[in-house]
Amino acid sequence: MSKKQAHLLGFVQHGVNSHATGMWRHARDKINWNYAAPDYWIHMARTMERGFFDAMFIADELAPYNTHGGSSDPVIRYAVQFPVHEPSTIVPIVAGATRHLGVGVTLSTAFEHPYSMCRRLSSLDHLSGGRVAWNIVSSYSKSEWDAYGASMTDRSRRYERLEEYMALCYELWNSYEDGAIVADRASGIYADPSKIREVNFDGQFFRCRARHFVAPSPQGHPVLWQAGSSDTGRDFAARHAEAIFAVLPTVNRMRQYTEDLNNRLEHKFSRPPGSVKLIFGLQTVVGETRAEAEDKYERIKACIPAEGALAWMSGHFGLDFSRYDLDEYVQNIEVPGIQGLFESVVYAKDGAPVTLREAAMIYAQGMGMPVAVGTAKDIVDAMEVYMDEGGADGFMLAATYTPGCFEEFADLVTPELQRRGRLRGAYTGRTLRENLIGR
Ligand SMILES: Cc1cc2nc3c(=O)[nH]c(=O)nc-3n(C[C@H](O)[C@H](O)[C@H](O)COP(=O)(O)O)c2cc1C
């Protein structure tokens with residue numbers, strides 16, 4: 001049987017810090033780089049392409065978290081997902097600097113009409129030559145709703161609305177027939193109106209009467225990406241996604257997740273099991289020797305501020321953890337926020353009790369992802385287990401210090417993956433969908 005090859009995504013935010021809390025103050029972070037300037041993103045993109053990544057993947061939320069102590073002070077104080085600039089603005093920079101690298105962009109459906117969302121994404125698909133993915137989210141944090149002056153709706157209502165959102169997006173994206181753009185200079189006919197359907201949508205949440213404003217883009221629509229993790233969220237992902245991002249702390253949890261998703265695909269949505277790429281979060285700390293890697297890992301952990309760590313958990317999980325006893329076990333707590341990520345701390349020790357104090361430090365390193373620390377050989381050993389036993393089709397590689405962590409990955413881990421036949425030696429597709437999904 002041929003070995004499964006890994007898909008690689010570089011997981012970042014358009015901000016001073018990504019998903020390892022406190023990294024902005026690490027001695028190796030952004031030496032002579034400004035996260036808010038194009039040069040930094042050009043370098044990050046080229047480094048990921050040099051490492052044969054499928055895409056850069058940009059997470060996002062719409063406002064600083066304000067759950068911890070009822071205020072955004074702690075996340076601002078410790079740069080916990082703050083400041084965060086608008087993610088789609090860097091897509092053309094990344095695409096312009098590379099030939100093959102895709103770019104996944106997280107855009108929330110909560111406060112944007114599907115009509116403008118489709119217009120924006122189709123435009124980005126054109127500008128990138130068909131290398132865009134959309135991480136579909138619906139805003140899970142109260143701070144986002146506060147920022148837009150709206151009351152947060154509950155999860156089931158958000159998913160109901162999201163279903164309708166997608167229905168309208170598909171209508172818009174599928175409204176051009178082949179040959180709709182004629183561009184015949186002699187007759188002066190640019191497009192054939194009979195081949196561009198006017199969408200006439202009258203739903204419970206959205207109304208739209210218009211033709212899609214953007215000509216058909218190279219991929220037709222962006223690669224659809226999802227990370228829903230509740231029961232409804234997993235169904236939504238299984239119905240719509242071409243690739244899924246999940247954080248599972250152990251190989252056992254990965255295996256269970258893979259089985260669950262493939263079951264949903266096959267039995268609920270008549271999609272072949274294995275047809276959706278399962279990309280699992282992974283943080284890597286690589287060194288020339290194990291001792292060097294261990295030392296690096298200690299330095300990374302030393303940057304985490306305890307209050308910032310807890311404030312991040314409050315933001316993601318929708319509870320004010322400043323009011324909790326830090327010796328309480330997370331197994332006894334139910335959260336209204338991101339279910340799947342909370343499970344990453346609940347199962348961090350394979351089900352053994354984890355205190356809130358421990359959970360905050362585990363979570364703050366990289367959202368509860370497994371961390372592979374060691375030489376390139378050690379890291380690829382772990383990746384092979386996650387692929388062969390856990391069902392991973394690839395990895396969302398969470399940034400530590402940047403751009404260094406991706407440079408080190410490209411220099412050390414990429415060649416080891418290639419030596420073992422676990423990573424492409426060249427990009428074979430033209431679009432992100434061709435490279436990532438294989439069609
Ligand atoms: C690994 C992972 C990454 C996520 N990244 C984001 C993100 O960048 N922005 C966002 O708004 N939501 C993000 N989410 C939230 C989900 O996409 C989803 O909206 C949220 O989990 C609520 O749905 P659920 O209750 O079904 O999980 C992420 C969730 C997971 C599990």
Side-chain angles (χ1 to χ4, degrees), residues 9-15 17-19 56-65 80-82 84-88 103-112 117 133-145 147-148 152-163 165-166 224-241 243-249 253-254 257 260-261 264 277-283 312-313 315-319 334-347 363 366-370 392 394-399:
L9 289 297
F11 187 47
V12 294
Q13 280 205 268
H14 187 186
N17 210 88
S18 293
H19 300 85
M56 177 187 291
F57 190 95
I58 312 163
D60 193 43
E61 73 280 334
L62 300 175
Y65 303 118
V80 176
Q81 296 196 295
F82 172 88
V84 176
H85 299 193
E86 205 283 332
S88 69
V103 51
V105 60
T106 301
L107 293 171
S108 175
T109 55
F111 311 105
E112 182 162 358
M117 179 67 84
W134 175 28
N135 180 27
I136 308 162
V137 300
S138 56
S139 291
Y140 61 87
S141 165
K142 181 181 157 297
S143 56
E144 301 174 291
W145 296 77
Y148 284 80
M152 189 164 175
T153 49
D154 68 17
R155 181 183 279 118
S156 64
R157 189 81 175 156
R158 290 205 303 276
Y159 276 114
E160 221 182 304
R161 182 180 172 280
L162 200 49
E163 282 296 344
Y165 201 103
M166 294 310 296
L224 300 180
W225 203 295
Q226 237 281 314
S229 45
S230 61
D231 188 47
T232 324
R234 287 183 185 204
D235 272 354
F236 179 84
R239 185 181 291 116
H240 297 281
I244 294 180
F245 172 24
V247 170
L248 292 318
R253 297 293 299 170
M254 290 178 194
Y257 182 86
D260 178 69
L261 244 297
R264 286 173 201 257
K277 294 293 174 204
L278 301 182
I279 307 297
F280 296 157
L282 178 69
Q283 201 167 44
W312 197 29
M313 295 233 325
H316 274 192
F317 304 132
L319 292 178
E334 275 196 22
V335 299
I338 310 177
Q339 224 69 57
L341 291 178
F342 195 64
E343 285 176 16
S344 74
V345 289
V346 168
Y347 294 97
Y363 197 72
M367 264 176 27
M369 294 180 189
F395 301 96
M396 190 68 80
L397 298 166

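We count ligands from 1, going down the list as the structure has it; atoms in each ligand are counted the same way.
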Checklist entry - Any Lys/Arg nitrogen of D260 or R264 sitting under 4.0 Å from an Asp/Glu carboxylate oxygen of the other? => result yes
Checklist entry - R253: what forms a salt bridge (Lys or Arg N to Asp or Glu O under 4.0 Å) with it, not counting sequence neighbours? => result E343
Item to check | Residues in contact with ligand 1, criterion: heavy atom under 4.0 Å | outcome: A59, D60, T106, V137, Y140, R155, Y159, A227, G228, S229, S230, G233, F245, V247, I338, L341
Item to check | Under the ring pair (Phe, Tyr, Trp, His ring centres under 6.0 Å) test, residues paired with F111 that sit two or more places apart | outcome: W145, Y148
Item to check | Exam field: side chain S138 to backbone T109, donor-acceptor pair closer than 3.5 Å | outcome: no
Checklist entry - In chain order, what residues pass the ring pair (Phe, Tyr, Trp, His ring centres under 6.0 Å) check against H19, with sequence neighbours excluded? => result F11
Next on the checklist: I want to check something: taking the side chain as every heavy atom from C-beta on, are T232 and F236 in contact at a cut-off of under 4.5 Å?
Outcome noted: no
